[in-house]
Amino acid sequence: MKFAKTYEPNEYEPVAYALWEGEESFEPSGKGEPYSIVMPPPNANGNLHIGHGLVTALEDILTRHHRLAGRDTIWIPGADHAGFETWVVYERELEKAGTSRFNFSREELYAQVWDFVHAKRGDMELQLRALGASCSWSDLVFTLDEKVIKTVYKTFQKMWSDGLIYRGEKIVNYCTTHQTSFADIEVDHKDEKGRLWDIAYPLSSGEGEIIVSTTRPETMLGDTAVAVHPKDKRYKHLVGKTVKLPLTNREIPIITDEYVDMEFGTGAVKITPAHDPNDFEVGERHNLPLIQVIGLDGKMTREAGESYAGLSVLEAREKVLKDLESGALSREDKELIHSVGHCYKCGSIIEPMVMDQWFVNVKPLAKRAIEALENGEIKFTPASKGSVLIRYLENLKDWNISRQIPWGIPIPMFKSEAGEWIFDDRVEQETIEVNGVTYTRDNDTLDTWFSSGQWPFITTDYLDSDPNLDKAGDARRGSPQNRSSQSEAILGADRAAGPASSLSRFYPLDVMETAADILFPWVSRMIMLGLYCTDQVPFKHVYLHGLVLDAHGQKMSKSKGNVINPMEIIAEYGSDAFRLGIVSSRSAGQNQAFSLSKVIAGRNLCNKLWNIARFVQSTLGDDFKPTKSKVDDGPISLAENWLVGRLAASKRKIDADITHYRFAEAAEEVYRVVWNDVADWYIEASKMGNSPDLMATVLEFCLKLIHPFAPFVSETIWQNLSWTDSVLCTETWQQLPAYNKEKAAEFEQLQQLVSELRLTLNELPSGKKKLLYKDDNLIENNRELVKFLTRLSEIEQVSKPQGLHLATTGREVWLDIDQKTIKTYKADLEARLKTIQNEVSALKARLANESYTQKAPARLVQESKDSLTEKEQIASKLINELSNIT
RNA sequence: GGGGUUAUAGCUCAGUUGGCUAGAGCGCACGAUUCACAUUCGUGAGGCCGUAAGUUCAAGUCUUACUAGCCCCACCA
């Protein structure tokens with residue numbers, strides 16, 4: 001016997017995975033219609049968390065399902081340099097070592113982080129293997145691979161030429177701790193209690209004052225105006241005059257702007273264009289000067305005044321309030337709840353800062369994306385996310401792609417002394433010379449989403465192959481002077497020589513499966529950049545999964561200590577159990593709890609399957625080989641005919657579920673068919689007689705059904721069977737033999753009989769029971785089977801039956817028991833009669849309703865009638881039986 | 001402020017275009033048993049499907065309002 005008594009996942013899983021890798025089972029077959037998924041690249045130097053566990057399970061199910069279906073399937077793995085995330089980790093390492101980023105050049109830092117990441121890289125890939133990911137390892141892409149950078153620069157250059165990337169001095173979100181700017185979407189807004197202070201600004205003329213309300217008094221040092229609403233009558237007479245800014249005595253004008261809310265505070269707002277996004281816009285409209293009073297280090301600048309320079313923002317606030325106490329602070333401060341932006345990594349308050357940065361003009365990109373979405377070119381699961389995305393795109397503002405961190409793709413832009421910017425990809429040089437002019441490199445790096453937004457066509461090498469985009473050009477490098485129609489040429493620049501990539505057939509992707517919370521930062525970018533660079537949507541479907549919460553529905557977090565590590569679950573229950581468990585009880589887009597009981601159920605299913613295999617192999621014998629071709633070897637017994645029908649129906653249901661991304665339902669169906677149909681009925685019945693070849697076919701079919709969900713146990717069994725010599729992972733579906741529907745229906749009748757008998761026997765006192773029947777061919781022909789399934793001591797045909805008539809079975813059968821026992825059973829019978837009578841009267845009432853009989857479909861009406869007749873018969877038999885009990 | 005989403009058994013969740021008796025896993029109760037499996041087998045008890053109204057022959061499912069929760073977006077000094 002090749003099958004050990006118990007299935008030990010930890011023992012078999014690595015063996016199965018090694019087999020797959022050795023056989024190159026995950027490489028695309030090159031045959032059939034392409035099917036492609038690209039993995040959202042996990043952090044190269046991190047560990048996988050439970051969310052990755054879900055991603056991997058879902059994407060692997062899709063991949064294996066389609067591979068089994070004969071598609072030319074690829075699942076492209078990736079590893080993310082995770083720009084800012086990794087940088088934060090590395091900066092902490094530097095800190096631990098007692099040094100800081102400021103002691104190294106950009107090149108040194110880049111090299112250090114590279115080594116740091118590569119030293120830690122690999123864990124993540126091992127963990128993906130432990131999860132059973134059947135991804136094509138030879139096609140793995142790291143987000144800093146040469147081909148990534150090459151494509152990203154092409155895109156950058158094209159966008160620069162098209163005027164979609166521009167240099168702008170704008171107000172950006174800035175973390176003074178990490179000393180980098182962020183995109184709007186990276187800022188974490190929290191409602192916080194703040195204080196609102198009223199400060200009197202005296203008019204320059206010396207007569208009167210205007211009181212402004214602010215939550216940030218320290219920024220008044222950078223005020224360049226006071227604004228009121230143009231319709232505000234209270235201040236009409238003051239508009240155009242100037243005030244003397246307290247503490248600095250600078251004169252600033254009183255202006256009007258629609259932005260001001262008359263209802264809020266005093267209705268007069270101090271305007272600090274350098275440190276508030278709204279004020280910045282007001283400043284632009286009114287040509288106000290910018291005075292930067294907070295530096296990039298979070299300290300007050302010299303412009304803030306001698307006595308404030310060098311103070312932190314909070315220290316400056318204290319001092320300003322103190323200095324104002326002499327009179328300008330006009331009233332008691334008030335509390336208010338307002339939203340404050342924080343760095344999503346360290347929690348520092350985000351300072352709006354005016355900086356020179358690279359921006360993407362998103363309007364044209366978003367417009368095209370919206371059109372594609374409205375045309376239904378991409379289907380979303382759940383569907384509502386499509387319209388959510390459209391709304392987001394409609395309101396999208398220009399995108400800051402500059403980051404002041406060394407770990408990332410360098411921005412390929414150089415500036416001359418005269419302030420002229422040019423594109424050049426020689427980023428390894430600090431200065432370059434073009435036509436005798438020296439240009440200096442911009443030291444910033446690109447926002448990671450700018451490169452990962454191009455992931456679908458980068459990973460499939462699409463730009464290197466599409467003949468439509470391959471318009472050879474010689475414009476290797478562009479400058480802003482000739483920003484004409486270069487862009488088309490640029491993309492084709494150095495492609496003409498290269499061979500067409502074999503992966504390009506996989507673009508656009510069939511499905512992009514990812515977390516719902518990166519719909520905006522990632523999915524939106526992929527759609528915009530995909531359309532822009534390839535003229536088509538990057539994927540046909542988007543499936544979004546929600547957060548995996550802890551067992552009580554709480555978000556997992558290190559601080560709460562409720563983090564569940566998928567590797568620990570795998571170590572205890574096995575990878576298959578983890579996959580089955582995490583996929584169950586979960587629907588698209590929904591944040592749902594992780595339930596260990598589902599993992600346990602999954603483990604039990606693996607055990608059940610293992611034991612089915614043990615039973616089958618031992619029944620067939622250790623040297624079994626099928627004698628006939630599988631298709632010809634049809635079912636013989638009633639149970640076999642029934643089971644073949646069930647398997648076919650089950651496969652249809654699972655196919656439909658997967659097509660509609662109903663993973664949990666598909667997994668539930670696998671569980672049901674293996675456990676209930678195969679183990680509980682077919683295997684049990686087969687103990688009373690079976691067709692060996694069919695039994696082998698049934699097992700094979702089950703293994704294929706379950707393989708996408710539980711690849712390890714199914715492959716391990718496949719490898720151990722005496723008659724298989726292939727790899728299950730790369731198998732395709734076989735046809736099931738034909739079956740006889742009448743025989744299948746007869747088996748269902750037997751099932752009903754067995755169930756009724758079991759129920760009745762359960763209610764009766766224990767002991768051996770004999771079943772009597774009069775004329776019943778079904779029972780006659782299946783006497784041994786019924787006896788075995790119900791544990792009856794004997795089944796006999798008699799001419800004069802006696803004992804308890806089992807009316808609810810709908811058959812002429814009796815349990816041979818004495819009157820005394822029957823009497824004890826009377827109450828149960830009465831209860832059952834009552835239930836049936838209730839059903840009868842409900843049916844009668846329904847059929848008495850003319851609206852129902854006239855308007856409901858005839859099929860339903862007929863069903864009601866049939867059901868009524870049947871139940872009335874059983875009821876009358878029960879009444880008859882009860883009357884016989886004395 | 002805007003948008004999304006959820007409410008079904010003790011717990012975690014299914015329930016697709018309305019169709020009659022609302023399902024699963026785990027848990028619980030009762031019973032069984034040792035030759036596929038105690039990670040087992042059989043049986044059962046648990047549900048005014050959040051509240052109120054409406055549409056319909058028929059509503060867990062559709063509509064409206066309400067209540068409670070969760071999530072996302074947003075610059076309110």
Side-chain angles (χ1 to χ4, degrees), chain A residues 3 5-7 171 184-185 189 194 196 212-216 219 227 259-261 264-266 268-272 276-281 336 338-339 341 352 382 384-385 387-388 391-392 395 516-517 519-520 546-547 549 551-553 555 573 577 581 584-587 589-619 656-657 660 662 664-665 668 671-672 679-680 683-684 687 755 758-759 761-763 766 789-791 835 839 842-843 846 849-857 859-861 863-864 867:
Chain A
F3 288 95
K5 179 130 170 61
T6 49
Y7 175 68
I171 196 145
D184 290 345
I185 200 159
H189 287 276
L196 190 64
V212 299
S213 301
T214 182
T215 52
R216 302 199 57 188
T219 62
Y259 147 71
V260 181
D261 178 0
F264 190 91
T266 59
V269 195
K270 59 190 273 311
I271 300 296
T272 323
D276 181 280
N278 288 310
D279 293 6
F280 181 81
E281 285 176 18
L336 88 167
H338 63 150
S339 159
S384 62
K385 295 290 181 188
S387 42
V388 170
R391 202 160 299 123
Y392 169 78
N395 298 311
D517 58 1
L519 174 65
F520 295 161
L547 252 43
L549 308 173
H552 308 288
K555 221 172 177 170
Y573 299 97
S584 306
S585 291
R586 210 165 287 284
S587 40
Q590 228 53 23
N591 296 348
Q592 282 163 318
F594 177 78
S595 137
L596 194 63
S597 68
K598 299 276 181 180
V599 175
I600 292 170
R603 181 207 48 188
N604 294 354
L605 178 63
C606 294
N607 177 256
K608 180 55 86 170
L609 190 72
W610 183 256
N611 277 290
I612 289 172
R614 287 183 75 208
F615 173 80
V616 169
Q617 185 72 76
S618 72
T619 303
D657 283 341
H660 295 101
R662 299 190 292 248
E665 282 190 64
E668 199 177 298
Y671 188 99
R672 199 201 58 72
D680 289 349
I683 292 286
E684 288 307 304
K687 290 173 184 173
S755 296
R758 282 170 172 172
L759 194 151
L761 290 168
N762 221 279
E763 285 168 348
S766 56
L789 293 175
T790 53
R791 315 261 158 188
T835 311
E839 285 167 8
L843 282 168
R846 186 181 305 142
N849 181 348
E850 274 186 32
S851 307
Y852 174 72
T853 50
Q854 280 165 19
K855 292 190 186 173
R859 177 181 58 85
L860 286 172
V861 177
E863 269 177 35
S864 298
S867 178

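Naming: A, B, ... by sequence-line order, numbering from 1 per chain. FYI, side chains are in, hydrogens and waters are out, and symmetry mates aren't considered; it's all heavy atoms of this structure.
- Applying the 4.0 Å criterion to OP1 and OP2 of B:C73, one finds that A:H189 has every side-chain N and O outside that range.
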Output field dot_bracket for RNA chain B (Watson-Crick or G-U, both distances under 3.5 Å, | for other-strand pairs) contains (((((((..((((.....[...)))).(((((.......))))).....(((((..]....))))))))))))....
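- Across all strands, A:I683 comes closer than 4.0 Å to base atoms (heavy-atom distances).
- When the side-chain nitrogen and oxygen atoms of A:N604 are compared with OP1 and OP2 of B:U40, one or more of them lie within a distance under 4.0 Å.
- Formation of a donor-acceptor pair under 3.5 Å by the A:R758 side chain with backbone atoms of A:L789 is found in this model.
- Between A:F520 and A:Y392, the ring-plane angle classifies as parallel under the 30° and 60° cut-offs.
- Judged by closest nucleotide on RNA chain B, A:F520 is the one of A:Y259 and A:F520 placed further toward the 5' end.
- For A:Y7 and A:E863, each mapped to the nucleotide of RNA chain B holding its nearest heavy atom, the one lying further toward the 5' end belongs to A:E863.
- Between A:S339 and A:H189, the shortest heavy-atom contact is OG-ND1, 3.4 Å.
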Contact state string [nucleotides 7-18 of chain B, B base, S sugar-phosphate only, - no protein heavy atom under 4.0 Å] | -----BSSSB--
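- Side-chain atoms of A:Y852 and A:S864 form a donor-acceptor pair, as typed in the model, at a separation below 3.5 Å.
- Taking every side-chain heavy atom of A:D261 into account, B:C76 is the closest of B:U40, B:C76, B:G42.
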